[in-house]
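The chains referred to below are lettered A, B, ... by the order of the sequence lines, with proteins before strands, and numbering in each begins at 1. Remember, it's a predicted structure, so these values are computed and weren't measured experimentally.
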2 protein chains.
Amino acid sequence: MGRPKSFDEDAVLDRAIEQFWATGYHAVSVRDLEASTGVLKGSLYAAFGDKRALFIAALLRYASQSADQIRELLAHGETPRDGLEHYLRVRGRDCTGPHRTRGCLLANTAAEVAPHDAEIRAVVGQSFEKLADALVPAIRAAQAQRLINRRHEAKELAAHLVVLVQGMSVVGKTEPDSSLIRSSLRFALTLLNPD
Amino acid sequence: MGRPKSFDEDAVLDRAIEQFWATGYHAVSVRDLEASTGVLKGSLYAAFGDKRALFIAALLRYASQSADQIRELLAHGETPRDGLEHYLRVRGRDCTGPHRTRGCLLANTAAEVAPHDAEIRAVVGQSFEKLADALVPAIRAAQAQRLINRRHEAKELAAHLVVLVQGMSVVGKTEPDSSLIRSSLRFALTLLNPD
DNA sequence: CCATTACTTGAACGCTCGTCCAAAAATCAC
DNA sequence: GTGATTTTTGGACGAGCGTTCAAGTAATGG
């Protein structure tokens, strides 16, 4: 009982994700969040605690959505190799072009906030590791079917791709035409070629 | 004539680099800079303009120092391949371990500030491109001597390594032990193997 | 229909931010 | 020594920050 909530918390988190993603943690004010979510600050404080707690909630939601999307992208196509290629191409597309300068919220947060906040650092670090863990079985499967290069350890290739994708999301924020991203993506795709 | 400056501008910029590097642009206040440089804010404003201008001056200095260091690292060892390997190993070491969470100021700036400031974006973007341009001749030379893999375009490998290194500096900020960095570095070194 | 409960509302708080500027201090030219 | 010139100094300013909270509002239980 009591007065019912006038907003959906997940919808608010989605708007908060957008805002933090586009603008960064420090550069977003609680009043900005008020404006973009349509929820007055008092209610935001009642629902989430404070700015940092709201950010962490948004970050966890983003990480979870991101993990779902990886599984989806890797399942694309007929073979495990298709999935890997699709994943890389989509990630490349996400950070190419003049209007794709948001990069990845996890990478942005790693750069801006992680060193100064152990809890946030743990969230981001675990997300990176989960991403690598999701790539490993796809790589192993593709190797088993001899669809990609077998010279490399699956774990090492997975780590390499995780680091590369985060690098693309950072470098992509500085280059509207993104020749570096494109070249680096082309190179990465050759890593998937069979022996 | 007139009262002489009581501080060296480059020394102030070096302290500012440290501060922005460790803490980020928005999270550093002019009073922090006052404390870390030992120069009162009025003098900072007189010498550099405002916080943003001081940041840009520091960023340009960092970029220039960084470019010098790349040339130095690539010149290490007996062969062009040694230089490339040394460059990657040092960059890996720079962002591995619990006390190396500053990453790279260019990457941090790309993530936090670049999307919202065209001038800063241009500085960072050009630095990335210059870095790639510095790698290309080393790669070509190593290929010509058949010291590394010749299957790949030098430009694409260079772009790949630039993006990878920026990725390492970002991912490294979240992992005190940095297994992802280590794996990805090991993988990158295999890319330098001869055919 | 009233007490209870939960959420909303927006004014207010103390603080810190980036920036400015008048006065004091240090140098040089003459 | 004196005036011109430049830098230093640190107090002050308005704006905006994250946060709090008392009052108002909408639902429920009896």
Side-chain angles (χ1 to χ4, degrees), chain A residues 1-59 108-109 112-114 116-120, chain B residues 1-60 108-109 112-120:
Chain A
M1 65 173 288
R3 179 169 177 173
K5 261 210 181 72
S6 67
F7 60 91
D8 176 50
E9 295 203 2
D10 284 342
V12 165
L13 289 180
D14 284 333
R15 307 300 298 261
I17 286 172
E18 288 295 319
Q19 187 108 35
F20 284 124
W21 193 355
T23 313
Y25 177 71
H26 284 107
V28 167
S29 74
V30 173
R31 273 134 186 118
D32 291 335
L33 291 164
E34 205 179 18
S36 75
T37 62
V39 177
L40 295 180
K41 48 192 149 59
S43 297
L44 291 176
Y45 275 85
F48 299 101
D50 58 10
K51 182 188 174 185
R52 175 174 171 276
L54 171 56
F55 177 70
I56 291 178
L59 188 64
N108 298 352
T109 302
E112 187 191 351
V113 192
H116 319 295
D117 190 309
E119 188 178 350
I120 291 175
Chain B
M1 65 174 289
R3 180 171 177 170
K5 262 211 179 71
S6 68
F7 60 91
D8 177 49
E9 294 204 2
D10 284 342
V12 165
L13 288 181
D14 284 333
R15 308 299 299 261
I17 286 173
E18 288 295 319
Q19 187 105 36
F20 284 125
W21 193 356
T23 315
Y25 176 72
H26 284 107
V28 168
S29 74
V30 173
R31 273 128 186 124
D32 292 336
L33 291 164
E34 204 180 18
S36 75
T37 62
V39 177
L40 296 180
K41 49 192 149 63
S43 297
L44 291 176
Y45 274 84
F48 298 101
D50 59 10
K51 182 188 174 187
R52 176 175 170 274
L54 171 54
F55 178 70
I56 292 178
L59 188 65
L60 285 169
N108 298 352
T109 303
E112 187 192 351
V113 193
H116 319 295
D117 190 310
E119 187 178 350
I120 291 174

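Position along DNA chain C of the nearest nucleotide to A/Ser6 versus B/Asp32 favours A/Ser6 as the more 5'-ward residue. Each of B/Ala47 and B/Arg31 lies near DNA chain D, and the nucleotide nearest B/Ala47 is the one positioned closer to the 5' end.
Distance NZ/A/Lys51 to NE2/A/His26: 6.5 Å, rounded to 0.5 Å. The OG1 atom of B/Thr37 sits 10.5 Å away from the CG atom of B/Asp32 when rounded to the nearest 0.5 Å.
One finds no side-chain N or O of A/Ser29 lying less than 4.0 angstrom from the OP1 or OP2 phosphate oxygen of D/dG16. Regarding contacts with the backbone of C/dT8, a side-chain N or O of A/Ser43 is found under 4.0 angstrom from either OP1 or OP2.
Note: CZ (B/Phe7) to C1' (D/dT9) measures 13 Å, nearest angstrom. Atom CD of A/Glu34 and atom P of D/dC17 are 11 Å apart (whole Å). One interatomic measurement links the two molecules: OH of A/Tyr25 to P of D/dC17, which rounds to 13 Å at whole-angstrom precision. In this structure, the NE2 atom of B/His26 is 16 Å from the C1' atom of D/dG18, given to the nearest Å. The NZ-P distance, from A/Lys5 to C/dT9, rounds to 13 Å in whole Å. For the pair B/Asp50 CG and C/dC21 C1', the interatomic distance rounds to 16 Å; values are reported in whole Å. With rounding to whole Å, B/Tyr45 atom OH is found 18 Å from D/dA12 atom P. The distance between atom CG of A/Leu54 and atom P of D/dT19, rounded to the nearest whole Å, is 10 Å.
Taking every side-chain heavy atom of A/Lys41 into account, D/dT20 is the closest of D/dT20, D/dT6, D/dG24. Nearest to the side-chain atoms of A/Pro4 among the listed nucleotides C/dA24, D/dA26, C/dC28 stands D/dA26. Closest contact between the side chain of B/Met1 and the listed nucleotides D/dT25, D/dG18, C/dC28 involves C/dC28. When each of D/dA4, D/dT9, D/dT25 is scored by its nearest atom to the side-chain atoms of B/Leu40, the top-ranked nucleotide is D/dT9. The listed nucleotides are C/dA26, D/dT20, D/dT25; the one nearest the side chain of B/Arg3 is C/dA26.
Ring geometry, A/Tyr25 versus A/Phe55: the interplanar angle falls from 30° to 60°, so the pair is classed tilted.
Taking each heavy atom of B/Thr23 and A/His116 in turn, the nearest pair found is O-NE2, 3.5 Å.
Side-chain contact check for B/Leu13 versus B/Phe48: some heavy-atom pair is nearer than 4.5 Å.
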